[in-house]
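Step one of this worksheet: look at the structure below.
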Protein chains: 2
Amino acid sequence: MTITIRDVARLAEVSTATVSRVFASDTAVRPETARRVREAARQLGYVPNTLARSLRQQSSATWALIIADIENPFLTQVTRGIEDIAQSEGYSLLLCNTDERPDKEASYLSIAEQFRVSGVLITPTSPTSPVDRLLARGLPVITMDRPLRQDLAVDTVLIDSRRAARAAVDRLITRGHRRIACITGPRRVFTAGERVLGYREALHEAGLPLHESLIRYADFNEQGGHLAAVELLDGTDAGPVEAILVANSMMAVGVLQVLRDRQLRPSIDVEIVVFDDAPWTSLLTPAISVIHQPAYELGQVAGKLLLERLQTPGQPARTVMLNATLPAENTDEDHPPADGLASSHLRHPKPDFQPRRSRARS
Amino acid sequence: MTITIRDVARLAEVSTATVSRVFASDTAVRPETARRVREAARQLGYVPNTLARSLRQQSSATWALIIADIENPFLTQVTRGIEDIAQSEGYSLLLCNTDERPDKEASYLSIAEQFRVSGVLITPTSPTSPVDRLLARGLPVITMDRPLRQDLAVDTVLIDSRRAARAAVDRLITRGHRRIACITGPRRVFTAGERVLGYREALHEAGLPLHESLIRYADFNEQGGHLAAVELLDGTDAGPVEAILVANSMMAVGVLQVLRDRQLRPSIDVEIVVFDDAPWTSLLTPAISVIHQPAYELGQVAGKLLLERLQTPGQPARTVMLNATLPAENTDEDHPPADGLASSHLRHPKPDFQPRRSRARS
DNA sequence: AAGCCGACTGTAAACGATTACATAAAACCT
DNA sequence: AGGTTTTATGTAATCGTTTACAGTCGGCTT
């Protein structure tokens, strides 16, 4: 039915080995022979069977991309960064959406193993995600945005969101706010905790009291933000809220809806700082503060780390920490400068890529 | 090195055939034997090699998902719909991002062929995308959001955006607007053209003059919207613009930025209708009109069509047309009802799924 | 001229599963 | 009891490549 290497060999009057060599181009083949083979392949419309090749070679040119939520713009940008690297190096991506569910994650980890992918890129649902089997098999694992157990030999790419959160809250304090709230993601998610930590640190350093009731763990989506904001504005046992740190842009939509419904003006009645510079945040007037996370860059770095590990296996695990940035304060209070295109157009800046060794392999 | 079916067979003291049967569970195996096999597999940590299985079975439980832009929220939702179906039926997804580039698309089509995927879901960059080879091979192809050449035997899922565009412009006319502009996507993209068609139809039916200068073909992103809006508001040879139909939410961000920069209030100074109900659109006051496209549903329907075709091949190609909806006009002019959660939370409504046969196979 | 080397090419054994076919044992029927 | 089906399992070929190993052949060295 389908054209195989054997058919090509027959037509070109060579052996299958030669045909294979022409395409894999590892060993020398006489130019004239190569030409004949190529011509035969073209004539027959031969397409090599990747499955057979991978079976023989014991690994497929495929990476498993295991991410929490393909609808999250942050992860979408990460995906894009990975895809660009993978594509340029001839790797394909197996897309695995875990929905933050450990069971789906486990199932996909197993699938990655079954497919004999040559590497796994993951945003784990928890630090104890079951990647051990993959590592035992010698499969490179890169964890992104969230760390895995310290004793595992996996490369890690993180964004220092704790520091960014602290800087953001610092600024809120400097501006004179005292009742500052924090709406973050689910307890179980690493970055959610980090952002709270930064929040705590800033308050602590400024010697301000810490009201637990001002910290809200919510689902990392619009509805989560909505519910948390309602609770925050209703439950006034710590007095009225003056500012809110929101841990991602999807939650920010929910939060801003609640403010609008209650006739509270963002930035004026309640100051808002939000993680992720979603394009639409540039529309609000007065502008709210956004914390830029280098998502595309994160993906690219992860891809590069994986490439390096595939090339030279066995080296110690590395951790790359990227910076989230809080743009300089806007002095023009009401109307941000009409500078043509907003900075959000510079979508894919060049990464300041400097892997540094951090921990020895286990 | 790795554990194979042979190792399991040896430990369980059966043949490899029996082990295979236990896992594929096609033929009967004595319960006691099955138990022994499973135990042996567990003990050895056996993971079946999907590559070998696929090679033998001549097809892998994988779908190729070839989409234009993974960062486009619309396509992201489509992806999600597909992923849910695929995952529940045991298929994995090969993620292919074409970036609207025909060369990347062609390359990925070839990769899909090499991987011997069992189906292809695609948002083609043009009606003449080279899917012929796949079809010749008997591979099911489902095209989404954009049609392929009429003579090809592919299932199609579309959204009737022409009708939605017409309805939207109708409404703008009813409200008394005359200088209505349209910012759409690149000429080459089907949906971009459809939306202009709807726009034209509405003007034509109302007997209004059609100014070509009010139609702008832009890139389907923020920057595209920005540039188009600038041109539209500068180039006033048709007089000041009263309303704009914007063909997707990413462009809308750019458009709204320009309005803000020029101190023009959306909905009041310039009325805006935008395709795609991105969550953030609910934040604007007064609210702008949004056209809801059933993206998640589109993905689900595409997945189901593919499933059906895999089960019963050879049936004639089908086309499913989904409706984009323009919510009923909001009578409360300035402040939309604070009804708790906005409707945008109902993210994944049940589809009104009714495939209808439309064209015979080629 | 014999020996050696390098460049090409072919033969055939993997890779790890599935499955057509064969066979043995058990169950059923009359 | 003898024949016939059914059930459970084994044997071995097969999927389409890659690749170790073994030639072959001409040119070069001594």
Side-chain angles (χ1 to χ4, degrees), chain A residues 1-38 40-41 44-62 90 110-111 113-118 137-138, chain B residues 1-38 40-41 44-62 90 110-111 113-118 137-138:
Chain A
M1 179 63 209
T2 54
I3 308 298
T4 77
I5 204 173
R6 224 174 298 273
D7 302 312
V8 178
R10 198 172 309 132
L11 182 57
E13 297 181 302
V14 294
S15 74
T16 61
T18 301
V19 177
S20 171
R21 281 191 271 255
V22 168
F23 288 108
S25 72
D26 60 332
T27 342
V29 174
R30 200 151 51 93
E32 162 57 15
T33 316
R35 204 199 47 71
R36 250 186 20 242
V37 168
R38 262 186 248 282
L44 296 172
Y46 166 69
V47 173
N49 186 324
T50 299
L51 266 39
R53 149 187 297 222
S54 300
L55 173 59
R56 177 60 224 243
Q57 299 194 137
Q58 298 277 56
S59 106
S60 67
T62 307
S110 164
I111 285 178
E113 209 178 339
Q114 288 166 229
F115 269 86
R116 302 294 192 268
V117 299
S118 54
R137 196 183 262 280
Chain B
M1 179 63 209
T2 54
I3 308 298
T4 77
I5 203 172
R6 225 174 298 274
D7 302 313
V8 177
R10 197 171 310 130
L11 182 59
E13 296 181 300
V14 295
S15 73
T16 62
T18 301
V19 178
S20 170
R21 282 191 270 254
V22 167
F23 288 109
S25 71
D26 59 331
T27 342
V29 174
R30 200 151 50 94
E32 163 57 16
T33 315
R35 204 198 49 70
R36 250 185 24 241
V37 169
R38 261 184 248 283
L44 296 172
Y46 167 68
V47 173
N49 186 324
T50 299
L51 267 39
R53 149 188 296 222
S54 300
L55 172 59
R56 177 60 224 248
Q57 297 189 331
Q58 297 279 54
S59 106
S60 67
T62 307
S110 164
I111 286 179
E113 208 177 341
Q114 288 167 230
F115 269 86
R116 303 293 192 268
V117 300
S118 52
R137 197 183 261 282

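Within every chain, numbering begins at 1; the chains are lettered A, B, ... in the order of the sequence lines, protein sequences first and strands thereafter.
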Q) Just how far, in rounded Å, is C1' of D:dA8 from CD of B:Glu32? A) 13 Å
Q: Quickly work out the B:Arg10 CZ to D:dG10 P distance and round it to whole Å.
A: 14 Å
Q. Nearest-Å distance, CD1 (A:Ile5) to P (C:dT9)?
A. 15 Å
(Q) Of the listed nucleotides (D:dT11, D:dA8, C:dG16), which one gets closest to any side-chain atom of B:Ser15? (A) D:dT11
Q.
Under 4.0 Å, counting only non-hydrogen atoms across every strand here, what does B:Val19 touch: a base, just sugar-phosphate, or nothing?
A. nothing
Q: Please work out if B:Thr50 contacts a base, only the sugar-phosphate, or nothing of the nucleic acid, heavy-atom cut-off 4.0 Å.
A: nothing
**Q.** Check: D:dG16 base within 3.5 Å donor-acceptor of B:Arg116 side chain
**A.** no
Q. Could you state the CZ-P distance from A:Arg6 to C:dA13, rounded to the nearest angstrom?
A. 13 Å
(Q) Using a 4.0 Å heavy-atom cut-off, does B:Tyr46 contact any base of the nucleic acid, only the sugar-phosphate backbone, or nothing at all? (A) sugar-phosphate
**Q.** N-O pairing of A:Glu13 and A:Arg36 below 4.0 Å
**A.** no
Q | Nearest-Å distance for atom pair CG/P, residues B:Leu51 and D:dT14 | A | 22 Å
Q) Side chain of B:Ala17: nearest nucleotide among D:dA12, D:dT17, C:dA17? A) D:dA12
Q) When the nearest nucleotide of DNA chain D is assigned to B:Thr18 and to B:Leu55 on a heavy-atom basis, which residue is associated with the more 5' position? A) B:Thr18
(Q) I need the CG-C1' distance between A:Asp7 and D:dT17, as an integer number of Å. (A) 13 Å
Q.
Treating B:Ser118 as the side-chain partner and B:Ser60 as the backbone partner, does any N or O pair qualify as donor plus acceptor under 3.5 Å?
A. yes
(Q) With hydrogens left out and only the distance checked, is there a donor-acceptor pair under 3.5 Å joining B:Arg56's side chain and the base of D:dT14? (A) yes
Q. Mind checking whether B:Leu44 and B:Val8 have side chains closer than 4.5 Å, heavy atoms only?
A. yes
Q. Base, sugar-phosphate alone, or nothing: which one does A:Thr33 contact when heavy atoms must sit under 4.0 Å apart?
A. sugar-phosphate
Q.
Distance check needed: C:dT18 P versus B:Arg21 CZ, whole Å only.
A. 11 Å
**Q.** Closest nucleotide among C:dG16, D:dT17, D:dT19 to the A:Gln57 side chain
**A.** D:dT19
(Q) If you assign each of B:Thr16 and B:Gln58 to its closest nucleotide in DNA chain D, which residue comes earlier from the 5' end? (A) B:Thr16
Q | Minimum-distance pair of heavy atoms, taken over all atoms of B:Tyr46 and B:Ile3 | A | CD1-O, 3.6 Å
Q. Can you find a pair of side-chain heavy atoms, one from B:Arg137 and one from A:Val47, that are under 4.5 Å apart?
A. yes
(Q) Measure CG/A:Asn49 against P/D:dT14 and give the value in whole Å, please. (A) 18 Å
